[in-house]
Amino acid sequence: MNDYRTLSKKEIEILEQRNCLCADWQLVEVKDGFCPENLRNVNLSGRIRLGVYNRSFSFAGGVEKKAGISNATLHNCIIDSDTYINQVKNHIANYHIHSNVVIENVDSIITEKESCFGNGVLVSALNEAGGREIAIYDELSAHTAYIMAMYRHRPKVIEALQLLIDQYKGGVCSSMGTIAEGARLINCRTIIDVNIGPYAHIEGIYRLCNGTVNSSLAAPSYFGPGVIAEDFIAASGATLSDSALVSKCFIGQGCELSKQYSAENSVFFANCQGFHGEACSVFAGPYTVTHHKSTLLIAGYFSFMNAGSGSNQSNHMYKLGPIHQGVVERGSKTTSDSYVLWPARIGAFSLVMGRHYRNPDTSQLPFSYLIENKDESILAPGVNLRSVGTIRDARKWPRRDKRKDTRLLDFINFNLLSPFTIQKMINGKKVLKELRQSSGFTSEYYMYNNVKITNDSLKRGIELYTIGVIKFLGNALIKRLEDVIFVSLSELRSSLSKTSDYGNGEWIDMAGLLVPKERVMTLLDDLQKGDITELEQLNKRYAALHDNYFEYTWSWCLRVFKEEFDLDFQTARVDQIMAFVDQWKKCVIDLDNMLYADAHKEFTLKTQTGFGIDGSEETRILDFEQVRGEFEKHPSVQDISNHIREKSRLAEELKERLILLEQRE
């Protein structure tokens, strides 16, 4: 601040000649090198600090404009060097505008009194009537939000977490707003109490109020035409455009809300997309996607979810108001015009089709189809395991990660099969077997948590869950030994021994972070005891949990090998391990063949309907091949074929090594 000086008499004269006005020029300070010719038609009031404006800026169409301030009213502002400001219709008040900022054709940019710029706003997620409020702040992660929303039964933990957020909030509250280096604000209307991060691009917005647009050089955020946002926080790389309406929301890294999307009291985390539809009291974990008009997500927890057109839920039963909530576990989809009456819970990687009024709970039966038939909810357990679409989704998520920031807020595990989903398969097998045992082997159908399961679906579900469990455990075993050299049985057993004391028990999905529940409980205990004193420590704990995923997973696998297959690697014979490898190879190939058959359905005569519109059958076939390609050359089909060959090779390679070991022993 000591770099500034008061204006000279000559500089004041030049400014006044250039139609610049100020009631008290003594309150205006400038840096050495300041050139008064860089200001024109500027009204100044309050305390003003100005820099040196030498550089030029490039605009659309190749137009060059020199830095400086023109046609603007400024009150209590710091305007750093090399900034371009022009055509401010009303005024800019109480802002620190950093270097290399462009502001052109805006109505007003104002900070009124003390503001926290959206930090600390309480978002009523999940329960529209309140009770699960999430306090948003600049660096909110999906995992912290998950704790705040889902662990209300631990009030001391919530209090401790809220205290940390309040401490952070106290550090950002100010009577002066910030427009950080490199930001561009063009053709904007009203901006009140909003901090704008480095290199953010704000263009054509209608109104921003009480919020923060976080941004960075690596991941600039974009707010585009017609946007109205109030009480919000946007993370780096976020995009709001095309008249999106946002109130009391957190928009995470790489998220995009556009095309008239409306969101209220909702949180969106990494790579969510919302177009055309509406969200109300939604916890949208990573990769929650809704693209269509007439699609309402309300009072629900979602992640890795794709909502079909016209998807809808109800969060009240016309008695005590909108107090009900729903959970749709990771990887699920809803078809067009689907409907679920909350409360309900949908198992991971499930497909919901039709309308469901009976509050289903399929959380222990993942990878299922939930289908409506004559107002009844029919469940087909496990069938989504053999869907090529499920595999395609799992592979596309990492490729569609739009986060470019050097610091990622959400720790995301993309694995389709994990201890979280496999434990549910194991539980699902037990559920199905108990249903068959209690209701009889010849029953036409079975009732479970308000859904109907046919006899054939039940038997098929047991088979598919068995395949899924063996595939996951075999994958873990093969991976564990892939690069390990062992020349004795003791070395083999050492390679397969436990490397972590954690992971044996239940696993949970903390909005993208797959982690043993016991580690989460330890984290919550540390929060409650005050051992975590900063939010940054919390983020480091999440990172450690994410980094240790494979070690925790192997501990879990060892327990399941022993309990489900009576296979203890510390006592098992080599031939027992080889037998399991053979079993794994068969399951992998069987499942891949199911995926292959499912993919082939997309190339049948039925799917060719509408092709070759003005030609013969031969024309239809040729048209289909030109548009969709040949079946054997389709990338997904080739992936399946390559997967069969690769897994077969790994199985045979490991068996050869085990045979040599057996011969030596």
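Keep in mind that what you see is a predicted model, and the values were worked out from it rather than measured.
- A donor-acceptor pair under 3.5 Å is absent between the side-chain atoms of D138 and the main chain of T212, judged by distance alone.
- In summary, the side chains of D401 and N271 do present a donor paired with an acceptor at a separation below 3.5 Å, with no hydrogens or angles considered.
- Checked for salt-bridge contact, R519 and E506 miss the test: no charged N lies under 4.0 Å from a carboxylate O.
- Distance check: S215 OG to D405 CG gives 8.5 Å after rounding to the nearest 0.5 Å.
- Side chains of L161 and L538 form a contact here, defined as non-hydrogen atoms less than 4.5 Å apart.
- Looking only at side-chain heavy atoms (C-beta outward), M425 and V469 come within less than 4.5 Å of each other.
- In this structure, the side chain of T466 does not engage the main chain of L464 through any donor-acceptor pair within 3.5 Å.
- The CD atom of Q570 sits 7.5 Å away from the CG atom of L496 when rounded to the nearest 0.5 Å.
- Using a distance-only test at 3.5 Å, with no hydrogens or angles considered, no donor-acceptor pair links the side chain of D231 to the main chain of V121.
- Counting only distance, with no hydrogens or angles, the side chain of Q583 and the backbone of V581 share no donor-acceptor pair below 3.5 Å.
- Contact of the Q325 side chain with the N315 side chain is not registered, since no non-hydrogen atoms from C-beta on lie closer than 4.5 Å.
- Just one residue in the list R407, H143, E534 forms a side chain to side chain contact (heavy atoms under 4.5 Å, CB included) with N539, and that residue is R407.
- In summary, K430 and E434 do not engage in a salt bridge, as defined by a charged side-chain N under 4.0 Å from a carboxylate O.
- Considering only heavy atoms from C-beta on, P366 comes within 4.5 Å of Y465 through its side chain.
- The aromatic ring centres of Y287 and F414 sit less than 6.0 Å apart.
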(request) Check step by step if side chain to side chain contact (heavy atoms under 4.5 Å, CB included) holds for F232 and V213. (result) CA-CA 9 Å; F232 70 95; V213 182; 4.0 Å; yes
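- Here the two cysteines C116 and C173 have their SG atoms closer than 2.5 angstrom.
- No donor-acceptor distance shorter than 3.5 angstrom exists from the side chain of Y502 to the backbone of P516, with no hydrogens or angles considered.
- Within the 4.5 Å cutoff, no side-chain heavy atoms of E278 are placed close to those of L297.
- When atom types are taken as modelled, the side chain of K498 and the backbone of L558 share no donor-acceptor pair closer than 3.5 angstrom.
- Aromatic ring orientation, Y301 versus F283: perpendicular (interplanar angle above 60°, classes split at 30° and 60°).
- A salt bridge is defined here as a Lys NZ or Arg NE, NH1 or NH2 lying under 4.0 Å from an Asp or Glu carboxylate O, and K248 with E230 fails to meet this definition.
- For the residue pair T522/E518, the side-chain donor-acceptor check at 3.5 Å is not satisfied.
- Atoms SG and CG, on C249 and L257 in that order, are 7.5 Å from each other to the nearest 0.5 Å.
- Looking only at side-chain heavy atoms (C-beta outward), R403 and I412 come within less than 4.5 Å of each other.
- Among F411, W554, W507, the one residue that satisfies the ring-ring contact (aromatic ring centres under 6.0 Å, His included) test with Y549 is W507.
- Between L523 and Y542 there is a side-chain heavy-atom pair separated by less than 4.5 Å.
- Residue T290 holds its OG1 atom at 9.0 Å from CG of L296, rounded to the nearest 0.5 Å.
- Side-chain atoms of S555 come within 3.5 Å of backbone atoms of S500 as a donor-acceptor pair (strictly under, hydrogens ignored).
- Under the 6.0 Å cut-off for aromatic ring centres, F250 and F269 qualify, their centroids lying closer than that.
- Summarising the geometry, atom OG1 belonging to T239 is positioned 9.5 Å from atom CD belonging to Q273; distances are rounded to the nearest 0.5 Å.
- In this structure, R493 is not positioned above the aromatic face of F569 in the sense of NZ or CZ being under 6.0 Å from the six-membered ring centre and within 45° of the axis.
- For the atom pair CZ of F304 and CG of N413, the computed distance is 7.5 Å after rounding to the nearest 0.5 Å.
- In this structure, the side chain of R345 does not engage the main chain of E329 through any donor-acceptor pair within 3.5 Å.
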(request) Go through T362 and V451 one step at a time and tell me if the side chain to side chain contact (heavy atoms under 4.5 Å, CB included) criterion holds. (result) CA-CA 8 Å; T362 66; V451 300; 4.2 Å; yes
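- Counted by atom type alone, Y339 and S314 present one or more donor-acceptor pairs between their side chains at under 3.5 Å.
- In summary, of the residues considered (K333, R400, R399), a salt bridge (charged side-chain N to carboxylate O under 4.0 Å, His left out) with D393 occurs for K333 alone.
- Q528 contributes no side-chain N or O that, together with a main-chain N or O of I158, makes up a donor-acceptor pair within less than 3.5 Å.
- Between the side chains of S236 and S216, no donor-acceptor pair is found at a separation under 3.5 Å.
- Under a 3.5 Å cut-off, the side chain of S266 and the backbone N or O of E264 do form a donor-acceptor pair.
- Contact check for K424 versus S363: side-chain heavy atoms found under the 4.5 Å cut-off.
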